[in-house]
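Here's the structure we're looking at; comments come further down.
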There are 2 protein chains.
Amino acid sequence: MSTNASIQFSPVPSSKAHSHPVPLHPLTGTIELTGAPMSFPRNAEIYGENEPADYLYKVISGNVRTYRVLNDGRRQIGAFYLPGDIFGLEVGAEHQFSAEAISDAKVLVIKRSALVGLANRDGEVARQLWSFTARELRRVQDHALLLIKSAQQRVASFLLEMAERAAHADTIELPMSRQDIADYLGLTIETVSRTLTQLETEAAIALPTSRRIVLRNRRALNELNA
Amino acid sequence: MSTNASIQFSPVPSSKAHSHPVPLHPLTGTIELTGAPMSFPRNAEIYGENEPADYLYKVISGNVRTYRVLNDGRRQIGAFYLPGDIFGLEVGAEHQFSAEAISDAKVLVIKRSALVGLANRDGEVARQLWSFTARELRRVQDHALLLIKSAQQRVASFLLEMAERAAHADTIELPMSRQDIADYLGLTIETVSRTLTQLETEAAIALPTSRRIVLRNRRALNELNA
DNA sequence: CGACCATTTGATATGGATCAAGCGATGTGG
DNA sequence: CCACATCGCTTGATCCATATCAAATGGTCG
C-alpha cells in the first residue's frame, strides 16, 4: 500500500467497462481506471436522484450540473462540473442529486465496485476516495456560505470561482444559462441579470456577449467575495 | 481486514491521550479508541478555524457549535453537535470551522494520527472514515438546501431536525440561543422569534419556555419542511 | 431588589422576487 | 434571402418577505 497514486481516470480506446484496473500509470504514478466513454446530448439526464449509485463519472468534454428539486418546484443546483472533474461518487447506495449535461457532454463511466474493490487492497486508494469526498464537502460548505451573502457577493463569488476553474485568464466562457446560475446562487434570473449589468456599470466586468464575461477588476470582485 | 467494526470512541477512566488503540471491543465489535476527556465552559473555544487539525472530538455531554465568520462580521453556524456526535475530523491539515461549547461541555479528544494509522492497517476503519465524511457531506447538502427556503420552512426544518436528533419525543429542549439558531438558518433573531410565535399561533408548536418547544402538529411542520 | 442578558414585539426600510414587456440572437419555413 | 417564431436575456414597475432600528418584557443571578 501507500504508493503516491492519485485517482485518475483515462478513457480506454475501445472497450466496455470492466473491473480490472491497470494499477499504476508508469509515468504519472496515477491509477488508471477503465471506464466506458459515453455521450449525452444537451439537457440529457445522466442519472436521477435516488437511483442506485453503481457508477461514478468523469467529465471528458462538455459540462454537467447536479441538482435537486424542492416540492414547491424550485430547483437547487448543487454543482457545475467541468472537463476533468469527477462527479456522482457516493458512499451510500443512491445518488443524492440528479445529474444532467449542460451542453453536449462526453463522460467516462466508471464502476464504483471496481474502485471500492481496489481501495480494499490499496490503502492509498482508500485514502483518495476519502480525500475526494472531503474536497466535495469543502466545496459544499463554501456553497452554503455563499447562500447567505448578498446578490452582488454571490455573483462575484460565482464569477471568481468559474474564472479559477475554467479559464485561467480573465475571460470566462459560461456554459450554463442564467437560469442555471440563478438556481446555483439561490437567486432569480432577473436578479442575476441585473447584478451582472450593475457589475458592468461599475466597470468590474465586461459582457461582450451574454455568455462571455471579462473580469476587469478582480480586486473589486474579491472585496465583494469576502 | 473487514471486521464489522464501527468507529466508536469511549472515554478511558484516567489517562492522557496516547496513540495505541485497543483494536476491538469484545462485545460490541466496535473499535475503542482512547482519548482524553476534556471539559470546556460555555462559549469556550475548542479549536479555531485554520488551526492544525491534529485532533478530532466526540461530544460526551453538553453541546458544540461550529462556525465561520464573514469579513462583514456575520457568522454562519455550520452545525450543532449533540452528545454522541463526532466533530472536527478533517482530511486536510487544518480545521475549516471554529468550534465552541454552547453549554458547559465534556468532549473526548482523539488524536487523528492514531485513527489514520489504524485505517492504514484496517480497511474497514478506512471505509468508516470515508463514510463519516460522506455523512457530513449529506448533512451540509441538506443545510444548503435549507438556506434557499422561506423563514417558516427553515424554522420548521430546524425544529424537526432537532426533534429527531435530541428528543425522540415531541418536546425539545434547545441548548442554543436564538442568535445561534438565526446564524444556523441564515436569518435574524427577530425573524426566528417572530416565526416561532407565528407557528405557536398556528398551533403547530407550543413554547412553554423560550428554550423548550413542543411539537404539536408535525404534519403541518413537515408540509413546510418540503 | 436591581442589573443584565435573552427574547419578544412594534414600526419602518429595503433587497430581491414577481409580474410584465421589450430586445436581440438564432433558427425555420416560405 | 427575408419574414417571423422562438428562446434566452435584459429592463422596468411594483410588491413583499425579511432586515433593521427601537423599545418593551421577562428571566436569572448577584
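Quantities reported herein were computed from a predicted structural model and do not represent experimental measurements. Residue numbering restarts at 1 for every chain, and letters A, B, ... go by the order of the sequence lines. Heavy-atom basis, side chains included; hydrogens, waters and symmetry copies ignored.
Atom CD1 in B/I102 sits roughly 15 Å away from atom C1' in C/dA6 (whole-Å rounding). Separating the CD atom of B/Q179 from the P atom of D/dA19 is a distance of 11 Å, rounded to the nearest angstrom. For the pair B/I189 CD1 and D/dT20 C1', the computed distance is 11 Å after rounding to whole Å. The separation between B/L174 atom CG and C/dT8 atom C1' is 16 Å, rounded to whole Å. For the pair B/L199 CG and C/dT9 P, the computed distance is 13 Å after rounding to whole Å. Rounded to a whole Å, the CD1 atom of B/I181 is 12 Å from the C1' atom of C/dA6. Atom CG in B/L207 sits about 15 Å away from atom P in D/dG26, given to the nearest Å. Here C/dG24 presents its P atom at 18 Å from CZ of A/R211, a figure rounded to the nearest Å.
Of the side-chain N and O atoms in B/T188, one or more sit less than 4.0 angstrom from OP1 or OP2 of D/dA19. Taking side-chain N and O atoms only, B/T191 has a distance below 4.0 Å to OP1 or OP2 of D/dA19.
Within 3.5 Å, a donor on the side chain of B/R194 pairs with an acceptor on the base of C/dG10, or the reverse.
Using modelled atom types and a 3.5 Å distance limit, the side chains of B/R42 and B/N63 yield no donor-acceptor pair.
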task: Kindly determine whether A/E100 and A/Y67 satisfy side chain to side chain donor-acceptor pair (under 3.5 Å), including the steps that lead there.
output: CA-CA 8 Å; A/E100 287 177 352; A/Y67 68 93; 2.9 Å; yes

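Counting only heavy atoms from C-beta on, A/S210 has its side chain closest to D/dC9 among D/dC9, D/dA19, C/dT8. Out of D/dT10, C/dT7, D/dT18, the shortest distance to the side chain of B/A151 is found at D/dT18. With D/dG8, D/dT11, C/dT8 as the choices, the nucleotide that has an atom nearest any side-chain atom of A/T197 turns out to be D/dT11.
When each of A/R154 and A/E190 is assigned the nucleotide of DNA chain C bearing its nearest heavy atom, the one mapping closer to the 5' terminus is A/R154.
When heavy atoms are screened at a 4.0 angstrom cut-off, B/L196 is found touching no nucleic acid atom at all. Among the heavy atoms of the strands, none lies under 4.0 Å from B/T209. Using a 4.0 Å heavy-atom criterion, one finds that B/S177 contacts the sugar-phosphate atoms exclusively.
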Which pairs would a plain distance check flag for residues 140-147 of chain B, meaning a side-chain donor or acceptor within less than 3.5 Å of a matching protein atom at least two apart in sequence or in another chain?
unit_1 : atom_1 : unit_2 : atom_2 : d
B/D142 : OD1    : A/R68  : NH1    : 3.2
B/D142 : OD1    : A/R68  : NH2    : 3.3
B/H143 : NE2    : B/Y184 : O      : 2.7

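Taking the six-membered ring for Trp and the full ring otherwise, the centers of B/Y47 and B/F97 sit at least 6.0 Å from each other.
Taking the charged nitrogens against the carboxylate oxygens, B/R75 and B/D180 do have a contact shorter than 4.0 Å, which makes a salt bridge.
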